[in-house]
K.L.:
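Pasting in a structure now, in structure tokens, and then I'll have a few things to ask.
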Amino acid sequence: MLSIKNLKAEIGGKKILKGLSLEVAAGEVHAIMGPNGSGKSSFANVLAGHGGYEMTGGSINYLGKDLTEFNVEERAAEGLFLAFQYPMEIPGVSNIAMLKTAVNSIRKYRNEDELTAGAFLKVIKKKAALVEMKQELLKRSVNEGFSGGEKKRNEILQMAVLEPTLSVLDETDSGLDIDALKIVAHGVNTLRSPDRSMIVITHYQRLLDYIQPDYVHVLADGQIVKTGNKNLALELEERGYGWLEKQVVNG
Amino acid sequence: MTALHNFLIAQKQANEAAPEWLSSLQQVAFSQLKNRGLPSAQDEEWRLTRLTELYKQEFRPAIATNTLSLQKTLLTPSAGSRIVFVNGVLDTGLSDSSFVAGLAIEPLEQAVISDKLNLETFFNASPPLEQHGFLSANTAFSKSGYVIRISADSIIDNPIEIIFIANNTGPAAWHCRNIIVADQFSKATIIERHVANDTAETYLSNCVTELHLADGSHLDFYKYQDESLDAYHIGGVYSKQSRDSYLATNNIAIGSKIARTDIYATLSAEGAHCEMNGLSVLAGDQHVENCTEVIHAKPNCTSDEYYKSVLDDQARSVFRGRIIVAKDAQKTDANQQNKNLLLSSRAEADTKPQLEIYADDVKCAHGATVGQLEEKSVFYLRSRGVSETMARALLTFAFANDVIRRFHLADLQKQLSAQLADRILGEAASAIETDSLFGEPL
Ligand SMILES: Nc1ncnc2c1ncn2[C@@H]1O[C@H](COP(=O)(O)OP(=O)(O)O)[C@@H](O)[C@H]1O
Ligand SMILES: [Mg+2]
């Protein structure tokens with residue numbers, strides 16, 4: 001589904017991704033862990049097509065297409081979704097209006113008819129229940145005055161509504177209490193299927209108890225320095241990242 | 001001497017039927033105007049609004065042209081009484097005000113004579129003593145306007161709507177003076193709409209509204225100004241508030257060549273609260289200046305000011321926000337925010353907060369920004385599949401709608417949001433129409 005080879009990217013002249021390679025097959029869940037500032041969010045942003053980053057090398061192939069040929073909104077319409085580490089607040093546009101605009105924009109791109117209000121309502125109703133979001137939060141402005149946990153749940157709601165083929169979750173678990181974490185994980189797991197893949201960026205092994213990954217990667221200084229199964233996450237929890245960074249320097 | 005000034009002082013002064021108190025007031029205002037003239041670019045308070053072109057116009061007294069209907073005008077669905085002025089003159093045919101208990105509405109020319117409302121006490125009592133030329137002209141020449149009094153303890157359920165329509169040929173000027181008196185513990189909503197017929201030519205609407213709020217009264221006031229690109233609008237909304245009164249002035253300016261509005265609020269007794277909301281959405285070479293002043297004269301009053309502008313092309317907005325906290329106005333809580341969104345590199349916003357605080361135990365917050373759309377937000381929306389054009393339009397709409405959603409009158413709020421969506425989002429406006437989605441509970 002996703003094949004990244006030797007990806008290099010910089011922002012404002014600063015090199016951030018320094019030859020990142022990653023293969024994600026359909027149906028797989030990949031966890032990416034790594035120290036702060038190692039480039040995890042940058043990687044997610046580059047995938048989503050953020051204009052601030054300049055790709056200086058490598059390739060990103062998604063479903064047989066060169067992903068870099070698509071702009072941000074086209075990538076979304078092609079089935080890519082990024083759950084933001086820090087979701088934006090948009091005072092003055094209701095959550096539901098934004099969702100409706102997003103759904104219909106994507107449907108238009110795919111040459112599908114726009115959803116009627118009734119059909120859209122049905123979808124929203126189901127998905128809001130999935131992440132236990134109250135109607136009141138749907139009517140409120142996007143993320144405005146939402147608690148940290150509500151913002152993250154809102155990201156998962158958007159994901160559930162847009163039903164992406166490839167989801168990238170950037171520290172969706174950070175700042176969540178255990179109940180909110182379970183809700184988020186439930187939302188994510190409901191979406192798991194043999195033809196959907198996920199990249200889950202996290203700091204904490206705890207999330208991976210709820211969202212079982214097929215692979216765990218460590219991103220350090222713009223490169224994947226180690227890949228393992230979920231036991232690697234446990235090991236990282238115990239030992240930290242220091243030993244890996246040293247390996248890179250030495251090796 | 002400018003052409004406009006000459007034209008004004010050559011005007012016959014107000015009607016002979018005016019009572020003594022009014023004639024002498026108007027006499028004084030007339031000589032002020034004659035001696036001091038209209039504001040010039042040398043006046044610090046006026047230098048950012050160039051009126052040279054206005055001053056050059058050869059004005060004539062207004063004559064109404066074709067007959068009008070209100071069909072094309074936005075009306076507030078919930079409005080009860082409606083008063084309509086065409087070129088500054090009362091149009092009884094278009095007006096519609098039936099009897100409402102606790103509510104007295106009279107045209108100014110009648111009110112000064114009948115004097116049921118004790119106008120002498122209120123007329124010209126809320127504007128500042130030091131008046132500029134346009135305010136003097138308004139006092140000197142105001143023959144028409146509306147007077148509304150809401151009697152004590154009356155709650156007027158339906159909003160009262162006043163519509164000023166321009167429908168002139170040849171450059172014309174008019175000066176309406178409106179007076180609203182909210183007696184103790186009364187509650188009302190009043191909407192002023194300033195609009196123009198398609199065929200209206202250049203005009204100057206010099207319109208002043210005075211708001212007098214007695215103890216415990218509650219007034220929700222709207223000034224909606226969407227005239228023509230040939231319109232000059234010079235206006236003032238001057239309020240005085242007594243103990244525990246509540247006032248919201250909501251000022252929407254989206255259509256004129258030049259609009260300058262002075263919104264002055266005096267909190268003259270404890271416990272008064274004043275809210276000021278303002279929105280300008282401008283394009284082309286439109287220019288709006290809002291000059292606000294809040295005087296905290298007594299302790300324990302609160303004021304909350306929120307002004308925004310959206311500027312495209314070479315449009316320009318000027319915001320002046322003066323807050324004065326008098327020496328004994330302890331425990332004042334004043335907030336002022338002015339935010340300007342520039343959609344073009346040629347657009348310009350000036351923002352001039354000015355705080356004069358003489359008390360020591362006060363909370364005064366203020367902030368002013370001039371900037372573009374946040375690229376992070378654009379990216380966020382695009383990452384959800386929304387096109388870049390739509391994302392920008394949506395964020396622009398959101399920026400402006402942020403002011404409208406502070407309004408208290410639900411149907412007006414909805415109408416203005418829809419109008420704004422139309423203007424900013426065009427055909428895509430329907431995309432955000434989500435009302436129908438909430439027809440049934442989720
Ligand atoms: N807009 C930016 N301009 C310059 N440097 C940036 C910008 N955004 C991120 N960086 C830098 O890129 C590096 C990686 O950041 P980030 O991708 O956020 O890391 P992580 O998500 O792993 O904590 C950091 O050194 C950070 O300071
Ligand atoms: Mg990060």
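First the proteins, then the strands, lettered A, B, ... as listed; each starts at 1. Bear in mind the structure is a predicted one, so any value in this text is a computation, not a measurement. The figures that follow rest on heavy atoms only: side chains count, while hydrogens, waters and symmetry mates do not.
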K.L.:
Suppose the criterion is ring-ring contact (aromatic ring centres under 6.0 Å, His included): which pairs have a residue in residues 399-424 of chain B, not counting sequence neighbours?
P.N.:
B:Y222-B:F407
K.L.:
Under 3.5 Å, side chain of A:K40 to main-chain N/O of A:I201, donor-acceptor pair present?
P.N.:
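Not a single qualifying donor-acceptor pair exists.
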K.L.:
Roughly how far, to the nearest 0.5 Å, is the OG1 atom of B:T369 from the CG atom of B:N338?
P.N.:
7.0 Å
K.L.:
I need the full list of salt bridge (charged side-chain N to carboxylate O under 4.0 Å, His left out) pairs touching residues 395-410 of chain B, with sequence neighbours left out, sorted by first then second residue.
P.N.:
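Matches after skipping sequence neighbours: A:E144-B:R405, B:D304-B:R406, B:K308-B:D402, B:D402-B:R405.
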K.L.:
Need one label for A:N95: side chain, backbone, both or neither, based on atoms under 4.5 Å from any heavy atom in chain B.
P.N.:
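Neither part.
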K.L.:
Heavy-atom pairs under 4.5 Å with chain B - which of A:A77, A:A48, A:P91 has more of them than the others?
P.N.:
A:P91
K.L.:
Is it the backbone or the side chain of B:I404 that comes under 4.5 Å from a heavy atom of chain A, or both, or neither?
P.N.:
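B:I404 has no heavy atom closer than 4.5 Å to chain A.
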K.L.:
Given a strict heavy-atom distance threshold of 4.5 Å, which part of B:E388 is in contact with chain A: side chain, backbone, both, or neither?
P.N.:
both
K.L.:
Are any side-chain N or O atoms of A:S197 and backbone N or O atoms of A:G27, one a donor and one an acceptor, separated by less than 3.5 Å?
P.N.:
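Side chain of A:S197 to backbone of A:G27, a donor-acceptor pair under 3.5 Å: yes, one is there.
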K.L.:
Sort A:A119 into side chain, backbone, both or neither according to what part of it lies under 4.5 angstrom from a heavy atom of chain B.
P.N.:
neither
K.L.:
Is it true that A:E155 and B:R384 have a side-chain N and a carboxylate O under 4.0 angstrom from each other?
P.N.:
yes
K.L.:
Non-hydrogen atoms of chain B under 4.5 Å away: do they reach the side chain of A:P164, the backbone, both or neither?
P.N.:
neither
K.L.:
Where does A:V142 contact chain B at under 4.5 Å (heavy atoms): side chain, backbone, both or neither?
P.N.:
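Side chain only.
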